[in-house]
Amino acid sequence: METPEKLNFLEEIIEDSIRSGQPRVHTRFPPEPNGYLHIGHAKSICLNFGLARKYNGKCNLRFDDTNPVKEDVEYVDSIKEDIQWLGFQWDGEYYASDYFDQLYDWAVELIRKGKAYVDDQSQEEIRTTRGTVTQAGTNSPWRDRSVEENLDLFARMRAGEFKEGEKVLRAKIDMAHPNMLMRDPLMYRIIHASHHRTGDRWCIYPMYDYAHGESDSIERITHSICTLEFDVHRPLYDWFINELGIFPSHQYEFARLNINYTVMSKRKLLQLVQQGYVSGWDDPRMPTICGLRRRGYTPSSIRLFAEKVGVAKRDNIIDLGLLEWCLREDLNKTALRRMAVLNPLKVVITNFPEGQTEWIECVNNPEDPEAGTRQVPFSREVYIEQEDFMEEPPKKFFRLAPGGEVRLRYGYLIKCNEVVKDADGRIAELRCTYDPQSAHGESSDGRKVKGIIHWVSAPHAAEVEVRLFDRLFAAEAPDETPEGGTFLDNLNPDSLKVVRAQAEPSLAEAAAGQRFQFERMGYFCADLDSQPGKPLFNRTTTLKDSWAKIADKN
RNA sequence: UGACCCAUGGUGUAAUGGUAACACAGCAGAUUUUGGUUCUGUUAUUCUAGGUUCGAGUCCUGGUGGGUCAACCA
């Protein structure tokens, strides 16, 4: 039985057009190269490339590079890297700047048709005569210049005869239009700046609204999808295409992705970087794609997330927990298990011979038999997690306590006989005995213990640096601040904690980018700066922790 | 106060005029050498008022609530 597939509204639109005889699907992902991509862009990438893939169509990568003062090649490189890392490949690499000549010719055509004019008003005058959302604007005194004069002035704008702000080219639509964007929108402005691709060839640059639809049209894009805030731009998008009589691309809008406990605007992310609140665009706490990558997220977990959040036109705030769930879903199946103790407490096993090492076979991944096993050393002195021992355990505490017994994961049962304290009364070490008959899940008399804890042999342990990340913001909606506040006030002061951990020896040789599950502690990834012999791990995310909930209730 | 978009469990997303469902989260239990994983069960949903219809989450009208738009940004 085939279950009917649930289509999102964009797929509905595409399938409608297929049914009516328009089978071709061509999308595009159109970033401006003025910053790094974030998880919100990942949703758009998955949509554009995913739709093309699903309907045997194509998806272009097009850089919307119409504003030379904001853009840079540094960004185009990072954008390409991020898209490929996510698992997508574009069918063509294009730049809006490749169309500057065509766009110029079309502007001349609109002037000839009496649909565009050169305006001499200042920026201030243009702003005030545009009116407001409730009041109509007023016509520019230059609105009715002759075609010849407009042609001459526009050519001289291009030739560099005017200073920035002296003149602009405007579409002649309707200064009383209820949609503000239709009140004689600007098509070209003068910018005497070098462009990262066209250099100094141009000193007039097209605005987004004039360039975007035409670029889509040139590439014969069938479905131009963008976020909701461009909805009011659609009439203008259509207006230019209609007036020019060119290939009719169509724009469709979907709700952008929002996630709680983070910010998604490029401006704010830039601020975090520039003011040093994070170490860079790829700080593992950032919602940027490079940040998530460095943190240890997998491409497929992000694709799964994009699929799970779906696509609609309703504003949304997705729970960060869903992204983490998608990550664990992936990593649980693929990450090799290792043992590392983040907050070590020394345990001496008094009845284990001094100087002896026993090698214990440990499963690399219980979810994947093919991952095999490894040998881990065991000896008289081991480290366990401080939080796995309590002198006065609460109810349902299955871990170690005075007189209590737990199993060392993959190893023996140990019983705590003595708690040794230092001069300040702090627990210095535990003295335990082990049951030599208790390997492989057994015990000398058939008794069962509920607690299983991870451990590392002290003399064999590798000391490693581990960075424990928490959410960057303490507030669910960091943008919502009281009067006079900023989103920076909501930064989580404890978003980064660095510890020196004791890890099983093999971890010392981890290569940058390798992912592991440290049993019972979470998923970790060797950082970009990690080197064999001097490893550095990022905690990608914790494991689900149902004990924490029980402990909270106590 | 203008135009446009949106409104379904806590969070998302479906239901295409005919039994309101799925995922995450929550809760309860089973399994488990990770308090992980897996499995089972379970709580909880159509903004509001009218209208059309045998029948409305879906169509229509009004209201309410949220969002977008007044950069020579994209």
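No hydrogens, no waters, no symmetry mates; every other heavy atom, side chains included, goes into these values. Every chain is numbered from 1, with letters handed out A, B, ... down the list of sequences.
Rounded to an integer number of Å, the gap from CG of A/Asn179 to P of B/C69 is 12 Å. Look at NZ on A/Lys266: it is 11 Å from P on B/A74, rounded to the nearest Å. Between the CD1 atom of A/Ile317 and the P atom of B/G10 there is a distance of 15 Å, rounded to whole Å. Rounded to whole angstrom, the span from the CZ atom of A/Arg170 across to the P atom of B/A71 amounts to 12 Å. When the C1' atom of B/A74 is taken as reference, atom OH of A/Tyr237 falls 15 Å away, rounded to whole Å. As a whole-Å value, the separation of A/Leu322 CG from B/A23 P is 13 Å. Between A/Glu253 atom CD and B/U68 atom C1' there is a gap of 11 Å when expressed in whole angstrom units. Rounded to whole Å, atom P of B/U13 lies 17 Å from atom CH2 of A/Trp325.
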For this session: Quick one, give me the B/S/- string for nucleotides 27-43 of chain B, reading 5' to 3', where B means a protein heavy atom under 4.0 Å from the base and S means that only happens at the primed atoms, P, OP1 or OP2.
Result: S-----BBBBS------
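Checking A/Asp315 against A/Asp231, the closest nucleotide of RNA chain B that is more toward the 5' end is the one next to A/Asp231. Along RNA chain B, the nucleotide closest to A/Pro178 and the one closest to A/Glu229 are compared, and the more 5′ of them pairs with A/Pro178.
Look at A/Arg189 and you'll find a side-chain N or O under 4.0 angstrom from OP1 or OP2 of B/A74.
For the pairing with A/Leu169, the side-chain contact (heavy atoms from CB on, under 4.5 Å) check across A/Ile111, A/Asp119, A/Ile190 returns one residue only, A/Ile111.
A/Val309 comes within 4.0 angstrom of sugar-phosphate atoms only, judged by non-hydrogen atoms across all strands, and of no base. At the heavy-atom level, A/Gly321 lies nowhere under 4.0 Å from the strands shown. Using a 4.0 Å heavy-atom distance criterion, A/Glu124 is classed as making no nucleic acid contact. At the heavy-atom level, A/Phe230 lies under 4.0 Å from base atoms of the strands shown.
Comparing atom distances between the A/Leu181 side chain and each of B/A71, B/U13, B/C69 picks out B/C69 as nearest. The side chain of A/Leu228 lies closest to B/C5, out of B/C5, B/U1, B/C72. Minimum atom distance to the side chain of A/Arg130 is reached by B/A71, of the listed B/A71, B/C5, B/C24. Listed nucleotides: B/A23, B/U1, B/C6. Nearest to the side chain of A/Lys313: B/C6.
Rounded to whole Å, the C1' atom of B/C6 lies 28 Å from the corresponding atom of B/G26. One P atom belongs to B/U34, the other to B/G10, and the distance between them is 36 Å to the nearest Å.
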Problem set entry | Per-nucleotide pairing state of RNA chain B [Watson-Crick or G-U, under 3.5 Å; [ ] pseudoknot-crossing; | other strand] | .((((((..((((....[..)))).(((((.......)))))....(((((..]....))))))))))).....
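Salt-bridge formation is detected for the pair A/Glu161/A/Arg156: a Lys NZ or Arg NE/NH1/NH2 atom is positioned less than 4.0 Å from an Asp or Glu carboxylate oxygen. Between A/Lys268 and A/Asp479, at least one side-chain nitrogen of the basic residue sits less than 4.0 Å from a carboxylate oxygen of the acidic one, meeting the salt-bridge criterion.
Taking each heavy atom of A/Cys432 and A/Val347 in turn, the nearest pair found is SG-CG1, 3.6 Å.
Glycosidic conformation of B/A71 is syn; the angle stays within 90° of 0.
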